[in-house]
S.K.: 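Have a look at this one before I ask anything.
Just so you know, these numbers use all the heavy atoms, side chains as well, and skip hydrogens, waters and symmetry mates.
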Amino acid sequence: MTILWMLSLGQLLSWGLVYYTFPLFVGPMGQELGWSRSGMFGALSAGLMVAGLCSIPVGAWIDRGHGRKLMTGGSLLAAALLLWWPRIDSLPLFYALWLGLGACQAVLLYEPAFAIITRVYGPRFRQAILLMTFVGGLASTFGIPFTQFLIERVGWRASLEVLAAINVAVALTHWLFIPGPREKPVPIAEITPPADGARKKSPLAAAVRVPAFWGLVVAFAGYGLAFSAMSFHLIPLLDDRGVPTGVVMAIIALIGPMQVVGRVLLMVGQQHITTIQLGAGIYFAFPISMAMLALGISDIYGLILFAIIYGVANGLITILRGMAVPEFIGPEGYGVVSGALTMPTNMMRAAGPIVASLAWGAFGGYTPVLWGLAGIMLIAASGFAAAAMLSKRATR
């Protein structure tokens, strides 16, 4: 149980300090260095693209038992890059920095942690993922206000040095608690051996032949684009609408607890909710939350309702990603198959911030951007529906 709590704490800190805090540095860096918003978001997108390209080999290495080295090294590299960040004074070097941070994210965030959890907990992976995402759901609630507090007190440069020190501590927990390659993994389920004389396919080669795999690609890639666009543009969006900074921070801080609320409700009712029902609720909620913002809500009560709907759905989709792979595709090669699904998702995550930034500039505001994101989530919903139907048909 200790490994689960330590990995969950690592997710809280890695998501909260390496992923969510980027928009907080855009304002002070732009003012001091004269860089444009789209230029800085381009560096973020480049990093997220690297994270996507790394996802398949990372999953394969974790399947071979190298999770400890990968996650420890990722946290140490993130610490070094965060120390380098305040010393950068040119945009090309900033892009190079974020290429490195993208590689760090590929080995630090949920997907590699889920792969390690499945190796350790086997058939009990659902309960373990629920607990991990329960803790990790507080990442934005912790990371954004904490980093904003640091920036206001000591400035953006010194704040990055504090974040670097915290990542060194995360690296230590990864090294001490993640099992090494000598630990034998616990199988999720019994794997059917190939027929006599048949050549055994690799888990990834077998997965891409399952039609439900491609439905999940559409479902999770569409979510990846919309999620990253919302994550990195929600603060400037609300700022453009004249929402007071205190209210903006409160709404951002509320999203994290709502993720946890959704996960608690799922933990309570998990025996009565199927993966298909869970996905249907999630993909119904996302377009609604984005349409609410597109309609121009800016009052505190409307924003609270948005944060509740968006936060609950966002918290639950993380669990859906962890559960859908073995249930819709199969239990073998969880790490590499999950990595294959993560690659297009992270590619779309990479596109999200820069696409939203360019669309904001082209249309002169965020309203068309939000309607576009709502439409993308409807396409993602159709992908999940197809995956659910094809999976159901395949198991008959």
S.K.: Would you say that I88 contacts L33 through its side chain, given a criterion of any heavy-atom pair below 4.5 Å between the two side chains?
M.R.: no

S.K.: Please report the interatomic distance CZ(R321) to CD1(I129), rounded to the nearest 0.5 Å.
M.R.: 10.0 Å

S.K.: Do L83 and L81 sit in the same hydrophobic cluster, where Ile, Leu, Val, Met, Phe, Trp and Tyr count as joined when their side-chain heavy atoms come under 4.5 Å apart?
M.R.: no

S.K.: Are W5 and I319 grouped together when hydrophobic residues (ILVMFWY) are joined by side-chain heavy atoms under 4.5 angstrom apart?
M.R.: yes

S.K.: I'd like to know whether L316 forms a side chain to side chain contact (heavy atoms under 4.5 Å, CB included) with L278, so could you lay out the CA-CA distance, the side-chain angles of the two residues, the decisive distance to 0.1 Å, and finally the verdict.
M.R.: CA-CA 8 Å; L316 292 176; L278 176 64; 4.0 Å; yes

S.K.: For W214 and V208, indicate whether the former's side chain and the latter's backbone hold a donor-acceptor pair under 3.5 Å.
M.R.: yes

S.K.: On the 0 to 90° scale, with breaks at 30° and 60°, tag the F22-W85 ring pair as parallel, tilted or perpendicular.
M.R.: tilted

S.K.: Rounded to the nearest 0.5 Å, what separation is found between the OH atom of Y19 and the CG atom of L109?
M.R.: 8.0 Å

S.K.: Please tabulate, one pair per line, all N/O donor-acceptor pairs under 3.5 Å involving side-chain atoms of residues 350-376, not counting sequence neighbours.
M.R.:
from: W360; atom 1: NE1; to: D240; atom 2: OD2; distance (Å): 3.2
from: Y366; atom 1: OH; to: R37; atom 2: NH1; distance (Å): 3.3
from: Y366; atom 1: OH; to: H233; atom 2: ND1; distance (Å): 2.8

S.K.: Rounded to the nearest 0.5 Å, how far does CH2 of W156 lie from CD of E161?
M.R.: 10.5 Å

S.K.: Which heavy atom of A51 sits nearest a heavy atom of G102, and at what distance?
M.R.: CB-O, 3.2 Å

S.K.: On the 0 to 90° scale, with breaks at 30° and 60°, tag the F286-Y310 ring pair as parallel, tilted or perpendicular.
M.R.: perpendicular

S.K.: CG of L305 to OH of Y301: how many Å apart, nearest 0.5 Å?
M.R.: 13.0 Å

S.K.: Mind checking side-chain hydrogen bond (donor to acceptor under 3.5 Å, both in side chains) for T318 and listing every partner two or more places apart, or none if nothing turns up?
M.R.: R263

S.K.: Just jot down the salt bridge (charged side-chain N to carboxylate O under 4.0 Å, His left out) partners of R241, sequence neighbours excluded, or say none.
M.R.: none

S.K.: Between M347 and M49, is any pair of side-chain heavy atoms under 4.5 Å apart?
M.R.: yes

S.K.: Take Q105 and W98, measure what side chain to side chain contact (heavy atoms under 4.5 Å, CB included) needs, and give me the verdict at the end.
M.R.: CA-CA 10 Å; Q105 291 180 16; W98 265 95; 3.4 Å; yes

S.K.: Which residue is it: V154, L24, L17? I am looking for the one with a side-chain contact (heavy atoms from CB on, under 4.5 Å) to S159.
M.R.: V154

S.K.: With ILVMFWY side chains joined below 4.5 Å, transitively, what does L99's cluster contain besides itself?
M.R.: V50

S.K.: Any side-chain heavy-atom pair from F213 and L341 closer than 4.5 angstrom?
M.R.: yes

S.K.: Please check this pair: side chain of S289 against backbone of I309, looking for a donor-acceptor N/O pair closer than 3.5 Å.
M.R.: no

S.K.: Quick one: are I178 and T173 in side-chain contact, heavy atoms under 4.5 Å?
M.R.: no

S.K.: First locate atom CG of L13, then atom CG of L138, and finally report the distance between them rounded to the nearest 0.5 Å.
M.R.: 11.5 Å

S.K.: Does D299 have any side-chain hydrogen bond (donor to acceptor under 3.5 Å, both in side chains) partners at least two apart in sequence or in another chain, and if so, which?
M.R.: none

S.K.: Any link between L93 and L82 through a network of hydrophobic side chains (Ile, Leu, Val, Met, Phe, Trp, Tyr) touching at under 4.5 Å?
M.R.: yes

S.K.: Parallel, tilted or perpendicular: which one describes the rings of W35 and F94, with boundaries at 30° and 60°?
M.R.: tilted

S.K.: Minimum heavy-atom separation for G302 and M292, please, with both atom names.
M.R.: O-CE, 3.8 Å

S.K.: Using the rule given for side chain to side chain contact (heavy atoms under 4.5 Å, CB included), can you reason through V58 versus E111, listing the C-alpha separation, both sets of side-chain angles and the distance that settles it, and then say yes or no?
M.R.: CA-CA 9 Å; V58 165; E111 284 78 13; over 6 Å; no

S.K.: Would a 4.5 Å heavy-atom cut-off, applied to side chains only, mark I317 and Y283 as touching?
M.R.: yes

S.K.: Show which side-chain atoms of residues 379-386 pair as donor or acceptor with protein atoms under 3.5 Å away, not counting sequence neighbours.
M.R.:
from: S382; atom 1: OG; to: I379; atom 2: O; distance (Å): 2.5

S.K.: Quick one, Y20 and T147 - any side-chain contact, counting heavy atoms below 4.5 Å?
M.R.: no

S.K.: Shortest non-hydrogen contact from N167 to S75?
M.R.: O-CB, 3.6 Å

S.K.: Can any side-chain N or O of Q11 pair as donor or acceptor with the backbone N or O of Y110 at less than 3.5 Å?
M.R.: yes

S.K.: Looking only at non-hydrogen atoms, find the nearest pair between M343 and I56 and report the distance.
M.R.: CE-CD1, 3.7 Å

S.K.: Below 4.5 Å, heavy atoms only, C-beta onward: do L238 and L303 meet side chain to side chain?
M.R.: yes

S.K.: Does T118 reach the main-chain N or O of A115 with its side chain, forming a donor-acceptor pair under 3.5 Å?
M.R.: yes

S.K.: State yes or no: do L378 and F220 share one hydrophobic cluster built from I, L, V, M, F, W and Y residues joined by side-chain heavy-atom distances below 4.5 Å, directly or via other members?
M.R.: no

S.K.: Check the pair L293 / M230 against side chain to side chain contact (heavy atoms under 4.5 Å, CB included), numbers first and verdict last.
M.R.: CA-CA 11 Å; L293 287 181; M230 291 291 290; 3.6 Å; yes

S.K.: Measure the spacing between OG1 of T21 and CG of L150 and express it to the nearest 0.5 Å.
M.R.: 10.0 Å

S.K.: Quick one: does R349's side chain have a donor or acceptor within less than 3.5 Å of a partner on G224's backbone?
M.R.: no

S.K.: Does a side-chain heavy-atom distance below 4.5 Å link M40 with L44?
M.R.: no

S.K.: Assigning hydrophobic clusters by single linkage (Ile, Leu, Val, Met, Phe, Trp, Tyr; side-chain heavy-atom cutoff under 4.5 Å), is I62 placed with L76?
M.R.: no

